[in-house]
There are 2 protein chains.
Amino acid sequence: MDEPADRHTLTEKVRLGELFSVDCPSREVLKSVSSLWGVLCLISLRERTLRFSELRRSATGVSEKMLAQTLKRLEEDGFVLRHALETVPPHVEYSLTDLGLQVSERVVALVDWIELNTPHVMAFRRERAGP
Amino acid sequence: MDEPADRHTLTEKVRLGELFSVDCPSREVLKSVSSLWGVLCLISLRERTLRFSELRRSATGVSEKMLAQTLKRLEEDGFVLRHALETVPPHVEYSLTDLGLQVSERVVALVDWIELNTPHVMAFRRERAGP
DNA sequence: CAGTATCCCTTTTGATACTG
DNA sequence: CAGTATCAAAAGGGATACTG
């Protein structure tokens with residue numbers, strides 16, 4: 001189900017120079033999905049629906065501006081659903097769409113690997129920097 | 001084999017605010033691996049060893065400067081191996097290390113999904129932008 | 001609370017030219 | 001060929017103040 005073996009494979013596209021041609025929208029999608037704040041939002045929202053302020057705390061270090069911008073983009077791309085309750089004070093909930101859940105699975109696989117292997121990377125860096 | 005179920009899960013870390021704390025080196029690794037040129041290099045090198053100029057053609061639109069910088073970083077992190085033949089003119093070959101092959105698998109899974117689903121994203125964008 | 005608007009600084013990136 | 005050096009342009013990002 002993950003193998004679209006009936007059409008051009010990814011490596012084939014790379015060889016043909018078809019992958020991510022300069023004006024390809026895929027590059028934009030990759031950017032929003034793999035940016036630091038994009039990643040953090042997608043991962044945080046996997047567990048449950050979160051409010052703006054909760055997301056802010058999840059993504060340590062993010063500014064309001066960046067979070068708003070990131071969420072807007074993820075919403076425009078159909079990855080995140082924004083649900084605003086008409087109350088005072090405002091209460092807005094963000095959750096993943098089906099599409100968002102799907103990407104987030106790939107993103108988690110990548111981030112999980114990175115989390116697990118960053119120690120190796122650090123050790124490697126120190127080795128080659130050392131005496 | 002992909003489930004480190006015996007320790008903190010990713011979502012747990014997110015809840016605890018442990019994931020990607022501001023000064024965490026994982027963020028750096030994520031950046032080099034998920035940057036546009038990083039992604040393109042990793043994917044291109046999966047198929048076979050490539051020379052600098054070949055990589056340049058693979059990653060359409062990359063400048064020499066960015067490619068050199070990206071490769072240097074991937075090399076420092078232990079993802080890419082640089083093999084320079086002492087000839088004139090110079091001949092340098094880049095290939096993936098074991099570690100590089102591992103990340104690239106996760107990266108490919110993500111990019112493959114994006115390639116396949118970008119049409120949906122585009123359609124979604126048009127819909128909500130429409131009349 | 002959940003943003004938007006503004007200002008301003010820093011980092012990234014790209015073009016171009018040059019070198020071993 | 002495989003880079004480095006340099007400069008200018010652009011994007012990214014933070015702090016603060018303000019609004020519905």
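Sequence lines set the chain letters: A, B, ... in the order given, protein chains first and strands last, and positions in each chain run from 1.
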Residues 28-43 of chain A vs salt bridge (Lys or Arg N to Asp or Glu O under 4.0 Å), sequence neighbours excluded, gives A:E28-A:R73
Tell me the salt bridge (Lys or Arg N to Asp or Glu O under 4.0 Å) pairs involving residues 62-71 of chain B, sequence neighbours left out? B:R56-B:E64
Atom pair [atom1] ([X]) and [atom2] ([Y]), whose distance is rounded to the nearest 0.5 Å:
X      : Y     : atom1 : atom2 : answer
A:D77  : A:S32 : CG    : OG    : 4.5 Å
B:E105 : B:L96 : CD    : CG    : 10.0 Å
A:C41  : A:L71 : SG    : CG    : 4.5 Å
B:L42  : B:T70 : CG    : OG1   : 10.0 Å
A:E54  : A:L45 : CD    : CG    : 10.0 Å

[atom1] of [X] versus [atom2] of [N]: gap in Å, rounded?
X     : N      : atom1 : atom2 : result
B:K65 : C:dT16 : NZ    : C1'   : 11 Å
B:K31 : C:dT13 : NZ    : P     : 8 Å
B:R56 : C:dG14 : CZ    : P     : 11 Å

Backbone of B:T118 reached by a side-chain donor or acceptor of A:S26 within 3.5 Å: no
So if I take residues 69-89 of chain A and measure heavy-atom distances to DNA chain C, which residues fall below 4.0 Å? A:K72, A:R82, A:P89
Taking all heavy atoms of A:V92 and all of A:A84, pick out the closest pair and write down the distance. CG2-CB, 4.1 Å
Output row for DNA chain D, stems defined as at least 3 consecutive Watson-Crick or G-U pairs under 3.5 Å, is C:1-20 with D:1-20
Under the salt bridge (Lys or Arg N to Asp or Glu O under 4.0 Å) test, residues paired with B:E93 that sit two or more places apart: none
Give the first and the last nucleotide of DNA chain D, reading 5' to 3', that has any atom under 4.0 Å from a heavy atom of chain A. D:dG12 to D:dG20
